[in-house]
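Report on one structure; see the data block that follows.
Every value quoted in this text rests on a predicted model; they were computed, and no experiment measured them. Throughout, protein chains are lettered first and strands after them, A, B, ... in sequence-line order, and every chain is numbered starting at 1.
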Amino acid sequence: MAAPRPQRLSVLLPTYNERDNLPLVVWLLVRTFRESGIDFEIIIIDDGSPDGTQEIAEQLEKIYGSDKILLRPRPRKLGLGTAYIHGMKHATGNFIVIMDADLSHHPKFIPEFIKKQKEGNFDIVSGTRYKGNGGVYGWDLRRKLISRGANFLTQVLLRPGASDLTGSFRLYRKEVLQKLMEKCVSKGYVFQMEMIVRARQLGYTIGEVPISFVDRVYGESKLGGNEIVSFLKGLLTLFATT
Amino acid sequence: LPSLPQAAMTKLGQWLCALALLGSAWAALALAPPGLQPPAPLRQALLPLPVYLLVAFGCYSLATVGYRLATFNDCEEAAAELQEHIRAARADLRRRGLRL
């Protein structure tokens, strides 16, 4: 019987103006991985943040080692999709985790993602705020209503087979993420939705793990009419083209 | 044997197909000429059916979204735990030489 393949996890962290949160999320990631014995690397893709994020990233690289913290910055804000592509070029892991760098996603869920992946041999494990004991902190009634309403509409129109389409806390097999990045063209929330929809089209399997989403920035950046309109446009585009 | 190219139907395509199918079945039965009409009670139920279904779907949607809104979990403990972790992280990073 062949020995199990060694597993390494690459975390892709696109950052823009995360000077305060980046060291905290990296500290939590390192602690989580060391406590659970998971081989890892963290790839920080900073898009030329004016607040000194890159300088903090360099300090973290000195503290934790350049084999664990990989800095792959870019000159200016170039978008999430290309950040993933750029990060993956340097990823040596066979699994990739994508997550937000603003502490809304807690690294403690990553071992649960891995456990779920092993359970069902899933190609993708998606964190969901809408099932089990998943949930949100820091949202008022209006925000929650928009979230549930949008998700309901998405379920009716796309029947995606996953409960949380706009979530961005996920584990992918590396080759699966590479394949999906080739095919996905949308931006923003819709980009995350398109990945799941295309994954289903290509026959990939998706497992779900309930997560808690702690929103500490909602007070500063309320969900406005513009974002809602662009979400609807993106949803209808996916409806008509997939 | 050469494999046949498969045109995957979009969701929109599926909806149009389903609507066309159900729509033509309804029209055939409900709007049939006098000679081919189904019995009167059936016709009376059939005619307003599309509107009934729409209203029923509307009610289902409101109820479902309402229920999901009411049962949307508030992660108080997660937020509190995060605050603790942030304190521990800042202290440890300072010890390791991080200059914030």
Side-chain angles (χ1 to χ4, degrees), chain A residues 19-21 23-28 30-31 52 55-56 59-60 62-64 103-104 106-109 129-139 141 143-153 155-160 163 197 201 210-216 236 238-242, chain B residues 3-22 50 52-100:
Chain A
R19 182 203 173 79
D20 295 325
N21 291 324
L24 304 173
V25 81
V26 168
W27 187 87
L28 286 170
V30 173
R31 190 176 78 159
E55 197 259 325
I56 289 278
Q59 287 193 54
L60 289 167
K62 283 204 192 72
I63 292 173
Y64 290 112
L103 291 174
S104 52
H106 198 301
K108 70 178 181 183
F109 291 106
R129 297 159 292 177
Y130 299 132
K131 260 171 57 176
N133 60 352
V136 179
Y137 177 84
W139 280 4
L141 205 65
R143 182 70 182 86
K144 284 184 185 175
L145 177 62
I146 293 174
S147 184
R148 283 296 199 179
N151 183 258
F152 178 78
L153 196 59
Q155 296 291 330
V156 167
L157 290 180
L158 300 183
R159 300 191 321 274
S163 62
V197 170
Q201 272 184 335
I211 57 157
S212 48
F213 180 93
V214 178
D215 195 338
R216 303 185 301 150
L236 290 175
L238 284 179
F239 178 62
T241 59
T242 61
Chain B
S3 58
L4 295 166
Q6 296 217 328
M9 198 184 279
T10 62
K11 290 290 181 295
L12 176 60
Q14 290 171 5
W15 275 65
L16 292 176
C17 261
L19 284 173
L21 230 70
L22 295 170
Y52 286 168
L53 289 177
L54 219 58
V55 172
F57 178 71
C59 292
Y60 165 77
S61 303
L62 285 176
T64 303
V65 174
Y67 172 75
R68 289 177 180 172
L69 177 62
T71 57
F72 209 159
N73 286 330
D74 266 311
C75 303
E76 307 274 345
E77 294 158 13
E81 182 190 56
L82 182 62
Q83 288 308 315
E84 270 184 52
H85 288 173
I86 290 175
R87 271 192 289 269
R90 286 212 174 109
D92 189 48
L93 285 166
R94 234 174 280 127
R95 251 177 279 131
R96 289 172 188 259
L98 188 82
R99 287 170 293 109
L100 289 159

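- Shown here for A:P23 and B:L98, the closest heavy-atom pair between the two residues is CB-CD2, 3.7 Å.
- At a 4.5 Å heavy-atom cutoff, the contact between A:I63 and chain B is made by side-chain atoms alone.
- Within the 4.5 angstrom heavy-atom criterion, atoms from both the backbone and the side chain of A:L145 approach chain B.
- Heavy atoms of A:T241 lying under 4.5 Å from chain B belong exclusively to its backbone.
- Interatomic distance, B:I86 CD1 to A:R216 CZ, rounded to the nearest 0.5 Å: 4.0 Å.
- Between chain B and the options A:F152, A:F213, A:W139, the largest number of non-hydrogen pairs under 4.5 Å is found for A:F152.
- Counting heavy-atom pairs closer than 4.5 Å to chain B, the top residue among A:L28, A:V214, A:T242 is A:T242.
- Nearest heavy atoms, B:F72 versus A:G135: CE2-CA, 4.4 Å.
- Remark: B:R96 engages B:D92 in a salt bridge (charged side-chain N to carboxylate O under 4.0 Å, His left out) (not counting sequence neighbours).
- B:R90 and A:L24 make their closest contact through CG-CD2, 3.8 Å (heavy atoms, listed as atom of the first residue, atom of the second, distance).
- B:L93 places a side-chain heavy atom less than 4.5 Å from the side chain of A:L60.
- Between the CG atom of A:L158 and the CG atom of B:L12 there is a distance of 11.0 Å, given to the nearest 0.5 Å.
- Counting heavy-atom pairs closer than 4.5 Å to chain A, the top-ranked of the candidates B:G13, B:C75, B:A88 is B:C75.
- For the pair B:K11/A:L157, no side-chain contact is recorded, criterion being any heavy-atom separation below 4.5 Å from C-beta on.
- For the side-chain hydrogen bond (donor to acceptor under 3.5 Å, both in side chains) condition, the pairs that include at least one residue of residues 66-83 of chain B, sequence neighbours left out, are A:K108-B:E81, A:K144-B:D74.
- Side-chain atoms of A:V156 and B:W15, non-hydrogen and from C-beta on, do get closer than 4.5 Å to each other.
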